Amino acid sequence: MPVTVERVPNKPIIILHYEGFLDLATVKSAFVQSAALAAEIEGTVFRIADIRTADSNFVEIVNILKASRANVQGSAADTKYQVIFVGQNQLAHLYADALKQLGAAPIPFFHTPEDAMQFIELEQHKQV
């Protein structure tokens, strides 16, 4: 399966684990699944997209970007989410930069899921 979506128990955190080729259908599926989980969460949802074992191509990233801009529930443009990437894929950086230029919040990148979780803890302390 190209994406698995899970919620960290008792936390406002959803983790997307991507593997293999990343296409629009996979990302849309992740948006829908995370929106269903996020419906149970009050306030900001931290969504970690683990892309360390995923890859894509320029055409798919453009298609994903178009879908993200549509501001559909669960997309990267949905303001309920703080999107975080784990991995250092050049196309993911292109995607994040394009979203930022379109007015979305900056997407932080981390090398490990543990680093992403530490970032979330710091962000949660800021909100208190």
Side-chain angles (χ1 to χ4, degrees):
M1 180 173 266
V3 65
T4 55
V5 180
E6 65 178 322
R7 178 175 176 193
V8 175
N10 303 314
K11 297 199 181 256
I13 302 170
I14 296 172
I15 303 175
L16 313 176
H17 298 277
Y18 289 105
E19 290 185 25
F21 187 74
L22 191 59
D23 61 8
L24 179 58
T26 301
V27 173
K28 279 186 173 181
S29 173
F31 287 171
V32 170
Q33 291 177 65
S34 58
L37 293 173
E40 304 169 2
I41 300 172
E42 292 276 331
T44 300
V45 175
F46 295 92
R47 184 169 61 197
I48 300 171
D50 186 345
I51 57 170
R52 292 175 296 170
T53 60
D55 200 8
S56 194
N57 62 38
F58 182 76
V59 171
E60 285 301 322
I61 295 301
V62 170
N63 290 334
I64 294 166
L65 180 62
K66 287 178 186 175
S68 296
R69 286 182 37 202
N71 201 14
V72 297
Q73 187 177 18
S75 77
D78 187 335
T79 57
K80 181 174 178 83
Y81 297 94
Q82 164 67 58
V83 178
I84 300 159
F85 281 133
V86 173
Q88 296 298 320
N89 182 304
Q90 184 178 11
L91 289 171
H93 280 282
L94 174 71
Y95 169 79
D97 289 344
L99 279 178
K100 184 179 172 187
Q101 289 178 8
L102 294 169
I107 299 174
F109 281 78
F110 296 96
H111 292 285
T112 68
E114 294 79 18
D115 290 343
M117 294 298 273
Q118 285 183 331
F119 170 78
I120 291 170
E121 283 184 36
L122 291 172
E123 288 297 303
Q124 288 177 313
H125 286 295
K126 287 181 190 175
Q127 294 175 3
V128 174

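Keep in mind it's a predicted model, so treat the numbers as computed, not measured.
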- Message: Before you tell me yes or no, could you show the steps for Q118 and F110 under side chain to side chain contact (heavy atoms under 4.5 Å, CB included), namely the whole-Å CA-CA distance, both residues' side-chain angles and the distance that decides it to 0.1 Å?
- Response: CA-CA 10 Å; Q118 285 183 331; F110 296 96; over 6 Å; no

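A continuous path of Ile, Leu, Val, Met, Phe, Trp and Tyr side chains, each step under 4.5 Å between heavy atoms, connects V45 with V3, placing both in one hydrophobic cluster. The cluster map of Ile, Leu, Val, Met, Phe, Trp and Tyr, joined by side-chain heavy atoms under 4.5 Å apart, puts V5 and I120 in different clusters. Taking hydrophobic clusters as Ile, Leu, Val, Met, Phe, Trp and Tyr residues chained together by side-chain heavy-atom distances below 4.5 Å, F21 does not share a cluster with I64. Cluster membership for L99 and L24, using ILVMFWY side-chain heavy atoms within less than 4.5 angstrom, is shared. Under the 4.5 Å side-chain heavy-atom criterion for ILVMFWY residues, a single connected hydrophobic cluster contains both I51 and Y81.
Listed here is the closest heavy atom pair of L65 and A98: CD2-CB, 3.5 Å. In terms of heavy atoms, P106 sits closest to Q82 at O-NE2, 4.0 Å. Shortest non-hydrogen contact noted between V86 and H111 is CG1-O, 3.8 Å. Closest heavy-atom contact between I14 and A38: CD1-N, 3.8 Å. Residues P12 and T44 come closest through the heavy atom pair CB-O, 3.5 Å. Contact detail for I41 and K80: the closest heavy-atom pair is O-NZ, 2.8 Å.
One finds the CD atom of E6 at 11.5 Å from the CD atom of Q33 (value rounded to the nearest 0.5 Å). Remark: D50 CG to T112 OG1 distance equals 9.5 Å, nearest 0.5 Å. For the atom pair CG of D55 and CD of Q90, the computed distance is 10.5 Å after rounding to the nearest 0.5 Å. From E114, atom CD reaches atom CZ of F119 across 16.0 Å, with rounding to the nearest 0.5 Å.
In this structure, the side chain of T53 engages the main chain of Y18 through a donor-acceptor pair within 3.5 Å.
In this structure, Y95 and E60 have side chains that are not in contact, with every pair of non-hydrogen atoms separated by 4.5 Å or more. Within the 4.5 Å cutoff, side-chain heavy atoms of M117 are placed close to those of I13. Looking at L16 and S34, their side chains come closer than 4.5 Å, going by heavy atoms from C-beta outward.
Taking the six-membered ring for Trp and thresholds of 30 and 60 degrees, F109 and H93 have nearly parallel ring planes, at less than 30 degrees apart.
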